[in-house]
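Have a look at the structure below before the remarks.
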Amino acid sequence: MEFARRTGCQLVGIDLRENIGVNLGIDFGVRAELNHLPFSNASFDVVNCRLVIEHVDFPNAVLKEFYRVLKPGGRLGDFYSEPAALFWSGGEFDPSLVPRLVQ
C-alpha cells in the first residue's frame, strides 16, 4: 500500500464491518458484499484482495465482480493462503475454473 500511496493512488477498502473507516491505510471505507460492489463498471486501475477469496462461499461471483470494476488493462492482485481454494465452488470442486484462472 505504501507504493500506491507514493504514486498518488487513492485506496478504497471494502469490508462487512461497520468500522471499516478505522483502517488507517485507506482513504475511503465502504461497507459492502464482495459479490455486489457499489461501484460503476471500469472504476479501478487495480483491485487488490488479500487473504479473502479462499474464505468466501461464492468465489466465482467475487472474481467476476472484481473484473467488472477494473478498467480495461487494469490489474487484479489476489493473494491467498490456499491456492486450491479457488477451484472449489459451494463445497464442490469445479474443474472448469482451472483453465479460466490460469489464462
Side-chain angles (χ1 to χ4, degrees):
M1 289 192 335
E2 185 59 35
F3 173 77
R5 180 113 20 244
R6 284 194 313 260
T7 58
C9 295
Q10 291 186 325
L11 304 175
V12 178
I14 300 169
D15 204 320
L16 290 176
R17 297 175 297 156
E18 290 193 32
N19 62 348
I20 179 69
V22 300
N23 184 335
L24 299 177
I26 60 173
D27 297 305
F28 304 101
V30 177
R31 187 171 184 223
E33 293 272 354
L34 292 177
N35 60 328
H36 294 101
L37 297 174
F39 305 109
S40 301
N41 294 348
S43 297
F44 294 92
D45 295 306
V46 175
V47 171
N48 180 20
C49 181
R50 296 187 59 181
L51 304 171
V52 172
I53 197 76
E54 69 268 31
H55 299 290
V56 298
D57 293 329
F58 35 83
N60 296 358
V62 171
L63 289 170
K64 285 180 185 176
E65 193 68 353
F66 288 169
Y67 280 104
R68 180 188 70 78
V69 300
L70 276 173
K71 292 179 181 176
R75 302 287 185 191
L76 171 63
D78 186 15
F79 303 94
Y80 44 89
S81 59
E82 181 56 55
L86 289 177
F87 307 115
W88 293 85
S89 177
E92 298 286 328
F93 180 71
D94 185 352
S96 69
L97 289 176
V98 177
R100 289 186 299 205
L101 290 171
V102 241
Q103 291 179 353

Would you list the atom pairs, donor with acceptor, under 3.5 Å between side chains in residues 65-74 and any protein atom, with sequence neighbours excluded?
unit_1	atom_1	unit_2	atom_2	d
Glu65	OE1	Arg68	NE	3.0
Glu65	OE2	Leu37	N	2.9
Glu65	OE2	Arg68	NE	3.2
Glu65	OE2	Arg68	NH2	2.8
Arg68	NH1	Phe39	O	2.9
Arg68	NH1	Asn41	OD1	2.7
Arg68	NH2	Leu37	O	3.1
Arg68	NH2	Phe39	O	2.9

Quick check for you: to the nearest 0.5 Å, what is the distance between Leu63 atom CG and Asn35 atom CG?
11.0 Å
Same apolar cluster (I L V M F W Y, side chains within < 4.5 Å links), Ile14/Val46
no
Can you tell me how far CZ of Arg31 sits from CG of Asp15, rounded to the nearest 0.5 angstrom?
9.0 Å
Which heavy atom of Pro38 sits nearest to which heavy atom of Val30, and what is that distance?
CG-CG1, 3.6 Å
Show the nearest heavy-atom pair for residues Asp27 and Cys9, with the distance to one decimal.
OD2-O, 3.9 Å
